[in-house]
Colleague: 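Quick one: structure below, then a few questions.
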Protein chains: 2
Amino acid sequence: MGVTIHDVARAAGVSVASASRALSGRRKVTPEIAERVSRAAAELGYQPNAVAKALRDRTTGTIGMIVPGIGNPFFTTIVEAVEHQLQETGRDLLLCASQYRPDVEARRLETLLARRVDGLIISPCDIEASVPAVLNAARRVPLVQVDRHIEGGGADWVGVDDDSALAQAVEHVAAGGARSVTFVGSRLMNSSARSRLSGFERAAARAGVNATAPLLGEFTLEWGIEAGRLLLLDGATMPDAVVCGNDEIAVGLVRALRAGGVRVPDDMSVVGFDDVGHATMCDPPLTTVRQPVEEMAAEAVRLLGQVRVSDPRPAQRIAIAPRLVVRETSRPVAAGGANGTEMGRGTA
Amino acid sequence: MGVTIHDVARAAGVSVASASRALSGRRKVTPEIAERVSRAAAELGYQPNAVAKALRDRTTGTIGMIVPGIGNPFFTTIVEAVEHQLQETGRDLLLCASQYRPDVEARRLETLLARRVDGLIISPCDIEASVPAVLNAARRVPLVQVDRHIEGGGADWVGVDDDSALAQAVEHVAAGGARSVTFVGSRLMNSSARSRLSGFERAAARAGVNATAPLLGEFTLEWGIEAGRLLLLDGATMPDAVVCGNDEIAVGLVRALRAGGVRVPDDMSVVGFDDVGHATMCDPPLTTVRQPVEEMAAEAVRLLGQVRVSDPRPAQRIAIAPRLVVRETSRPVAAGGANGTEMGRGTA
DNA sequence: CAGAAATTGGTAATCGATTACCACACTCCC
DNA sequence: GGGAGTGTGGTAATCGATTACCAATTTCTG
């Protein structure tokens, strides 16, 4: 079916070596031969077989990527950004979803390694269960974690600076006058869930606000609605503000609160996390912390290029500071007075 | 770096042929040899090189997929569904985004062909400009179009039955009492935009409602907002209902209308299209036509398996009937009386 | 003009897994 | 016991592009 370089060489009346050299330009050939070869290649519609090239070069020009799920807009945004970065260097993306299951994740890692990808970008679904598969893969090929990571720091990581993120969110609602704040996030099975909660707790202490007991469930709209109902149940302990682990939770929470008669942001401020897609779709538009997705993707691809499996160096951890995007689900700073911020900072 | 089958054979004290046969089980070997080989493979951590296998077998076990953009939740939902289907048969997905540009699309097709994918699933970004690249690719490898397609029917296609979809949407709002209906969609550069508009016009005629001039822009939230403003501008000709080309447009439209004082659904019914993600996020939840995404993906993968490049057969076109999901942006049928529906049907 | 130096073309090995083909050993039956 | 038949192992070719190595030719220098 396919036209090979042998066909081109025969048509041009030269050897395969000359044909290869003429086409790749890696070594000089006489203009005469270059001309004949490129004409023959064009006429036959020759297209080099990337599989053969990969076998010979021991390089596929392909990067494998594994994310927990493509349904989650945050991950698709990262995938898109990574795809975009790889384009720049003419590489392709082999995409897999682990479906949030460590066993699926391990299997997908194996097939990507079998396909001899040149590198791996992964957001491990479980902070503990993903450890062996990820470390094993990292020993065989350059590997960078994005967003989520495994415990123990055995592999490079690029993500958002959760401490800075939560500090911005908490300081913002404190500046709007909030005295008590609740965190609504996910159960602590992945690194993001953990570091966002601890970032929240540190930020609350620093800002001098009262951090009420966190509500932990899933990173979903449904859990946001559920959490909203839980808050409504005992109105006595209702906080002045809620900071959420991601935007989907925040959107669900806002809807449940409004349905329950709580005015957002007048009665309660709500802050999300991610700022991909959902935030602007929401009504009112969501105040949220924007993940620096493009920067994370660029950094991950850059790191991949630096990793040398042969000489292990200390694992890098790159935390990029995010930016708070103030929209309409949080009380304006003016309302609570700039004084609140100063106080918050003062007690840190 | 890698352990080859030669290493395994040597360690087991047999020939590469025996090692290969023992591991693949394609031909009998004595239990003794089978045992020695599998033990050696396990000890060395042997993992077959998929690149070499692909070269020899002339089969990569990889399907290439090209969609206009991964940012659009509709496409990611399809990608996810296709990935899921391929899993079943142990194949992997090589994913590309054309960024809605025919030139990028053509380049990506070339690289996927060079990588010798076993098949292609594509949603061509432009009904005209995508034609040559798609037809050329279809000549070389099994190819199925999903959702969008090129004009002229030169390649298989799986998608939603836009006629049925628009009929359901129009009949629903007519049953709710609407007498005049407007279609807000995208400019006619892709097949979905075209067939949804024409489906709308046919359905309106059949239902006996007055189809006012359509508004055509982009498949985006922004265009939905813009279209809402346009409708508000001359309130005199305000329709009773609007049917949208996708959910993003619908969400934007609803927001603009409500901001302009129009009550949805009391003053105007709004129906979306797709029902992926956005619809339930919206407030109020969107009445919309649900794309049969899983079925489309399953059908596309099934078709891929049937295509034989060697003997061309007439291109298949599979249109799957969607289902209208009634939520809260459309007036309930009871309000307008079931009579409306009967009248609509009667005039068809 | 002889001989060294610089180009450039061709042959064949290489990457790793699979398998066609051959060879050998063993069983079975007349 | 010899010939047919069956089962199993090994050798080497194959997939297609690249390139190390060698050979041949041209160019340059004294």
Side-chain angles (χ1 to χ4, degrees), chain A residues 1-38 40-41 44-62 90 110-111 113-118 140-141, chain B residues 1-38 40-41 44-62 90 110-111 113-118 140-141:
Chain A
M1 205 17 309
V3 176
T4 77
I5 199 166
H6 285 87
D7 303 326
V8 174
R10 191 171 334 113
V14 298
S15 74
V16 288
S18 295
S20 174
R21 294 200 267 251
L23 291 170
S24 75
R26 284 187 205 287
R27 233 184 70 178
K28 276 280 184 63
V29 290
T30 36
E32 148 90 21
I33 285 188
E35 166 63 18
R36 289 220 307 271
V37 169
S38 65
L44 297 174
Y46 169 69
Q47 188 190 37
N49 182 327
V51 175
K53 183 172 162 55
L55 179 59
R56 163 75 210 212
D57 294 352
R58 315 171 123 279
T59 285
T60 53
T62 312
E110 281 304 308
T111 81
L113 288 172
R115 287 190 192 288
R116 299 298 192 265
V117 292
D118 294 340
R140 314 232 266 128
V141 80
Chain B
M1 204 17 311
V3 177
T4 77
I5 200 166
H6 285 87
D7 303 326
V8 174
R10 191 169 336 112
V14 299
S15 73
V16 289
S18 295
S20 175
R21 295 199 266 252
L23 291 169
S24 74
R26 283 187 205 286
R27 233 184 72 176
K28 278 280 184 64
V29 289
T30 35
E32 148 90 20
I33 285 188
E35 166 63 20
R36 289 220 308 271
V37 170
S38 66
L44 296 174
Y46 169 69
Q47 188 190 36
N49 183 325
V51 176
K53 184 173 161 55
L55 179 59
R56 163 73 209 213
D57 295 352
R58 316 170 121 276
T59 285
T60 52
T62 311
E110 282 304 307
T111 82
L113 288 172
R115 287 188 193 288
R116 298 299 192 263
V117 292
D118 294 340
R140 315 232 266 128
V141 80

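Bear in mind the structure is a predicted one, so any value in this text is a computation, not a measurement. We name chains A, B, ... by the order of the sequence lines, and we start the count at 1 in each one.
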Colleague: Using heavy atoms to find the nearest nucleotide of DNA chain D for B:R56 and B:R116 separately, return the residue whose nucleotide is more 5′.
Modeller: B:R56

Colleague: Side-chain N or O of B:K53 versus OP1/OP2 of C:dT18: is the shortest distance under 4.0 Å?
Modeller: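 Result: yes.
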
Colleague: Within this structure, what is the CD-to-P distance between B:E32 and C:dA25, rounded to whole angstrom?
Modeller: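 After rounding, the reported distance stands at 18 Å.
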
Colleague: Taking only the side-chain nitrogens and oxygens of A:S20, find out if one of them lies under 4.0 Å from OP1 or OP2 of D:dT18.
Modeller: yes

Colleague: Given atom CZ of B:R115 and atom C1' of D:dG16, what is their separation to the nearest angstrom?
Modeller: 16 Å

Colleague: Between the base of C:dG9 and the side chain of A:R27, is there a donor-acceptor distance below 3.5 Å?
Modeller: yes

Colleague: Strictly below 4.0 Å: does A:S15 bring a side-chain N or O up to OP1 or OP2 of C:dG10?
Modeller: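 For C:dG10, OP1/OP2 do have a side-chain N/O of A:S15 under 4.0 Å.
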
Colleague: Ignoring hydrogens, what is the shortest heavy-atom contact between A:V37 and A:V14? Give both atom names and the distance.
Modeller: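 Heavy-atom minimum between the residues: CG2-CG2, 3.9 Å.
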
Colleague: Do A:R21 and C:dG10 have a side chain to base donor-acceptor pair shorter than 3.5 Å?
Modeller: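 Answer yes: a donor N or O sits under 3.5 Å from an acceptor.
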
Colleague: Of A:K28 and A:A17, whose nearest nucleotide on DNA chain C comes first from the 5' end?
Modeller: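 Its nearest nucleotide being more 5', the pick is A:K28.
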
Colleague: OP1 or OP2 of C:dT7 sitting under 4.0 Å from any side-chain N/O of A:T30?
Modeller: no

Colleague: Please check the phosphate of C:dG16 (OP1 and OP2 only) for any side-chain N or O of B:Y46 closer than 4.0 Å.
Modeller: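 No, no such contact exists.
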
Colleague: At what distance, to the nearest 0.5 angstrom, does CZ of A:R58 lie from OG1 of A:T60?
Modeller: 12.0 Å

Colleague: Measuring only between side-chain heavy atoms, which start at C-beta, is B:V51 closer than 4.5 Å to A:V51?
Modeller: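 They are in side-chain contact.
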
Colleague: Any sub-3.5 Å donor-acceptor pair from A:R36's side-chain atoms to A:A12's backbone N or O?
Modeller: yes

Colleague: Starting at atom NE2 of B:H6, determine the distance to atom P of C:dC15, rounded to an integer number of angstrom.
Modeller: 9 Å

Colleague: Look at the side-chain N and O atoms of A:S18 and state whether any lies under 4.0 Å from the OP1 or OP2 oxygen of C:dG10.
Modeller: yes

Colleague: So which nucleotide from D:dG9, C:dA12, C:dG16 ends up closest to the side chain of A:L55?
Modeller: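 My answer, after comparing the listed nucleotides, is C:dG16.
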
